[in-house]
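Take a look at the structure set out below.
Note that ligands are numbered from 1 as they come in the structure, with each ligand's atoms numbered from 1 the same way.
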Amino acid sequence: MATTKTNTAPIAPGACIGILGGGQLGRMTAIAAVEMGYRCLILEPQEGCPASHVADHIAGAYEDEAVLARFAEACDVVTLEFENVPVDALKFLEERVPVRPGSHALKIAQDRILEKQFLNDAGIGTAPWAEITDEQSLKDAIDRIGIPSVLKTARFGYDGKGQVMLKPGSDPSKAWEDLGRVRCILEGFVDFDCEVSVITARSANGTVKAFPVVMNEHRDHILYKTHAPADLPTSTAKAAEDIADKAIEALDLTGLLAVEMFACRDGSVLVNEVAPRPHNSGHWSIDACMTSQFQQLVRAVCGLPLGSTEILRPAEMTNLLGNEIDDWAAFLAEPNAQLHLYGKAEAKPGRKMGHVTRLK
Ligand code: AMP
């Protein structure tokens, strides 16, 4: 019978950290963990994934219990780098090894309706929203929330996929049809001043610490640039950081929580979504912060003291999509730039291939 490796004491260097998912976030987590004296084992179906270049890798399915059992056996603690890992896989692992964050937080983050309900129950503001399950609920939601609004699939949306903006003249039924008539959420359109995010950490030892709030620019719904720190009034910045800390406590999450927010013109801050993992808007921290988000994740899941989140230099991070990485030599020639490439074989349009952080 499987035994649970419960461990409230810090997990010391030398231990093995399991990472579910082998993309760039897993790769950068593994690089940080290895620098801190840990070993990493990646579980990700795809052979040759970015994290497999820097850590041991099991190329198996998240649904395969034999694979999960072998993975759990080899790891002292398990974390994740993307939120679409099946919740049942986490539950299976939780019976065998500490999993941080656990299935409860993952379940909420995977579903925009559970997420919004959780945030509102915790006293955290969001856009007005309604659940769509049939034509009648769509009609009622439009009556209540109005247009402009945004219709999003409740699950499996990312980088603007699975969402349609409803403008005056739009046909809501057609928009829902285009999303496959799956369970959706209708959100009121937020006329925001800017988009900001806060990544906060909670260690297995219970301490919580947020990184400074940053400002994000998107292009075609994909993050284009992050400015660290965000140029916001002190009160707005504090409100954003407090929201992130409140959310991670309310989720009882061990690890990182990235909270994407809208800073509104009236000074209010509304949460758009949360992700229980490292986040693209935290990549600047590798080069411009006392502790990187990836080091902080390792500290958190191993129950170590959290590192300082002091900014060393203001910075701007730019994502390199598709063949933008062909300019790698030019980025390397910039004196204040640090180039990070993810080792992906094929530069498909829109694919995140790397990023460059420029110190100011
Ligand atoms: P999401 O997939 O929820 O992160 O949405 C992707 C992007 O769409 C966000 O970064 C915003 O730029 C925009 N967006 C999403 N929801 C809303 C909303 N309720 N109001 C205004 N803009 C939104």
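- Using a 4.0 Å cut-off to heavy atoms of H221, the atoms of ligand 1 that qualify are 6 (C), 7 (C), 8 (O).
- For ligand 1, the polar-atom distance check finds no N/O of F262 at less than 3.5 Å from any of the ligand's N/O atoms.
- Between Q110 atom CD and F82 atom CZ the span is 9.0 Å, to the nearest 0.5 Å.
- Listed for the R299 side chain is a donor-acceptor partner under 3.5 Å among the backbone atoms of P305.
- Evaluated for a side-chain contact (heavy atoms from CB on, under 4.5 Å) with C184, the options L151, L138, I113, T133 yield exactly one hit, L151.
- Taking a cut-off of under 4.0 Å to the non-hydrogen atoms of V190, the atoms of ligand 1 that pass are 18 (C), 20 (N), 21 (C).
- The E195 neighbourhood of ligand 1 comprises atoms 9 (C), 10 (O), 11 (C), 12 (O), with distances under 4.0 Å to a heavy atom of that residue.
- Every atom of ligand 1 with a heavy atom of H218 under 4.0 Å away is listed here by number and element: 10 (O).
- Annotation for ligand 1: atoms under 4.0 Å from non-hydrogen atoms of F189 are 20 (N), 21 (C), 22 (N).
- Looking at E131, E273, E187 one by one, the single match for side-chain hydrogen bond (donor to acceptor under 3.5 Å, both in side chains) with R112 turns out to be E273.
- Note: F211 and W284 have perpendicular aromatic rings, judged against thresholds of 30 and 60 degrees for the angle between ring planes.
- The option with the heavy atom closest to atom 19 (N) of ligand 1, from among G188, P148, P128, S197, is G188.
- A heavy-atom distance below 4.5 Å is not found between the side chains of P10 and N205.
- A donor-acceptor pair shorter than 3.5 Å cannot be found between the side chains of H57 and E44.
- Checked against the 6.0 Å centroid threshold, H283 and F294 count as a close aromatic pair.
- Contact analysis leaves K161 out of contact with ligand 1, as no non-hydrogen atom separation drops below 4.0 angstrom.
- Per-residue contacts place E260 under 4.0 angstrom from the following atoms of ligand 1 (heavy atoms of the residue considered): 4 (O).
- Under 4.0 angstrom from ligand 1, there are no non-hydrogen atoms of N216.
- In this structure, G162 does not count as a contact residue of ligand 1, since none of its heavy atoms falls inside 4.0 Å of the ligand.
- Short contacts between ligand 1 and F192, defined as distances under 4.0 Å to a heavy atom of the residue, involve ligand atoms 21 (C), 22 (N).
- Against a heavy-atom cut-off of under 4.0 Å, Q163 is close to the following atoms of ligand 1: 1 (P), 2 (O), 3 (O), 5 (O), 6 (C), 8 (O), 15 (C).
- For the side-chain hydrogen bond (donor to acceptor under 3.5 Å, both in side chains) with Q24, the lone residue among K352, E81, K344, H355 that qualifies is K344.
- The closest approach between a heavy atom of M165 and any atom of ligand 1 is not below 4.0 Å.
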